[in-house]
Amino acid sequence: GTPVENSLTDLWSIMDFCVPGLLGKVTEFEAKFSDDNESALLLEPCISPLILRRRVSEVARDLPERIDITQFISVSDRLANQYEIVRESVCAEYEGSAGLVSINKLRMLCANSVMVDDYVEPLPLDQDYKLLRLFDILDEVSQSREKAIIFTSYTGMISLLMDKVSSRFSGAYVDFIDGRVPVPERQVVVDEFSGFSGFGVLLLNPKAAGTGLNITAANHVIHYNPEWNPALEDQSSARAFRRGQSRPVS
């Protein structure tokens with residue numbers, strides 16, 4: 001898998017499980033190796049014999065092209081004002097612990113203002129530029145009769161998009177996988193999505209559906225809100241960009 005996601009301590013944890021004591025106690029390890037490139041270079045000779053490294057390009061050379069496109073979304077004046085309202089409200093409400101709370105609330109606001117409707121009024125559709133851009137992308141996918149998977153962290157956002165996408169694209173396959181879907185039923189959803197002929201959208205929570213599933217029926221992957229951990233996004237994108245995919249993935 002991915003041996004380092006957050007810090008070098010992640011690597012210590014894996015090594016201590018596989019070869020107990022190899023890197024000493026965690027306190028000794030953290031004192032010796034800081035989270036920087038220099039420490040990683042010092043550590044590399046110790047663990048290199050125990051790690052098998054393979055890039056996707058080395059083991060799956062038959063895969064089609066993967067095209068990563070960063071979408072920049074303009075912020076309306078009203079959303080900018082709401083951003084400040086939420087930030088100031090959270091700071092007043094939580095005081096000393098407002099930092100982490102405000103970051104999470106603002107992240108929710110940037111997904112959709114309905115997620116923080118206890119602080120602000122939801123934006124009208126013509127000012128929700130992120131949702132409008134999503135519709136533009138899905139219009140193109142629909143015209144090609146292809147399929148898309150959309151990742152978002154929030155249950156409320158999945159419910160909102162289920163409603164919006166279903167209403168806009170009548171006759172399309174639209175379903176979701178998040179913590180509300182029992183594990184044994186998730187593959188059933190993927191199979192139905194894959195077997196549907198025509199345009200389809202599958203809404204996914206990256207933690208519930210970001211690993212273990214093969215969703216090569218889709219060749220468009222949309223991350224509606226960025227994850228804290230970029231490795232989680234990569235793992236999620238790999239649901240569609242893997243063995244069995246025959247079309248370029250964007």
Side-chain angles (χ1 to χ4, degrees), residues 1-2 5-6 56 66 71 104-105 107-118 122 125 128 130-131 133-135 137-139 141-142 144-247 249-250:
T2 306
E5 291 189 356
N6 303 301
V56 172
R66 169 175 160 170
Q71 295 283 315
N104 191 47
K105 292 291 185 183
R107 185 167 174 254
M108 294 168 69
L109 171 68
C110 290
N112 193 283
S113 54
V114 75
M115 301 291 291
V116 288
D117 59 3
D118 49 339
L125 179 59
D128 191 344
K130 178 179 278 192
L131 188 58
R133 181 61 186 131
L134 174 67
F135 285 163
I137 294 171
L138 293 182
D139 283 340
V141 177
S142 173
S144 301
R145 293 182 59 80
E146 296 178 335
K147 292 184 174 72
I149 53 179
I150 303 173
F151 287 96
T152 178
S153 309
Y154 303 110
T155 299
M157 198 65 229
I158 286 180
S159 297
L160 185 149
L161 290 176
M162 278 286 297
D163 177 62
K164 298 291 186 184
V165 175
S166 298
S167 299
R168 185 177 179 89
F169 300 97
S170 177
Y173 181 97
V174 183
D175 209 342
F176 73 96
I177 298 175
D178 62 14
R180 294 171 291 182
V181 180
V183 174
E185 296 179 15
R186 295 175 186 177
Q187 187 59 52
V188 175
V189 174
V190 173
D191 292 343
E192 290 178 352
F193 173 73
S194 302
F196 183 80
S197 178
F199 172 59
V201 175
L202 198 56
L203 299 155
L204 305 172
N205 178 288
K207 291 187 177 178
T211 58
L213 294 177
N214 186 332
I215 318 179
T216 53
N219 63 314
H220 300 276
V221 181
I222 300 168
H223 294 280
Y224 199 77
N225 58 270
E227 291 302 315
W228 295 110
N229 189 340
L232 184 57
E233 282 189 12
D234 287 340
Q235 290 172 344
S236 298
S237 296
R239 299 312 95 213
F241 189 68
R242 61 195 301 113
R243 283 283 176 82
Q245 182 57 264
S246 59
R247 295 164 295 175
V249 176
S250 61

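On a predicted model such as this, the values are computed, not experimentally measured, just so you know.
Counting heavy atoms from C-beta on, the side chains of Leu161 and Val174 never come closer than 4.5 Å. Using a 4.5 Å heavy-atom cutoff, the side chains of Asp139 and Arg168 are in contact. For the pair Pro206/Glu233, no side-chain contact is recorded, criterion being any heavy-atom separation below 4.5 Å from C-beta on. Side-chain contact between Ile137 and Arg133 is present, with heavy atoms from C-beta onward closer than 4.5 Å. Between Leu138 and Phe199, the closest side-chain pair of non-hydrogen atoms falls below 4.5 Å. In this structure, the side chains of Arg66 and Ser237 come closer than 4.5 Å at one or more pairs of heavy atoms. Residues Val141 and Val201 are not in side-chain contact: their nearest non-hydrogen atoms beyond the backbone lie 4.5 Å or more apart.
Rounding to the nearest 0.5 Å places CD of Gln71 at 12.5 Å from NE2 of His223. Atoms CE and OG1, from Met108 and Thr152 in turn, are 10.0 Å apart once rounded to the nearest 0.5 Å.
Heavy atoms of other residues, nucleotides or ligands lying less than 6.0 angstrom from NZ of Lys130 number more than 12.
Note: Phe169 and Phe135 have perpendicular aromatic rings, judged against thresholds of 30 and 60 degrees for the angle between ring planes.
A donor-acceptor contact shorter than 3.5 Å links the side chain of Arg107 to the backbone of Pro226. Between the side chain of Lys147 and the backbone N or O of Gly198 there is at least one donor-acceptor pair closer than 3.5 Å. Proximity of a side-chain donor or acceptor of Arg239 to a complementary backbone N or O of Ala218 within less than 3.5 Å is not detected.
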| task | Would you sort out whether Arg180 and Ser159 count as a side chain to side chain donor-acceptor pair (under 3.5 Å), showing the intermediate values? | result | CA-CA 11 Å; Arg180 294 171 291 182; Ser159 297; 3.1 Å; yes

| Pair Phe193-Ile215, side-chain contact (heavy atoms from CB on, under 4.5 Å): steps then yes or no | CA-CA 9 Å; Phe193 173 73; Ile215 318 179; 3.7 Å; yes

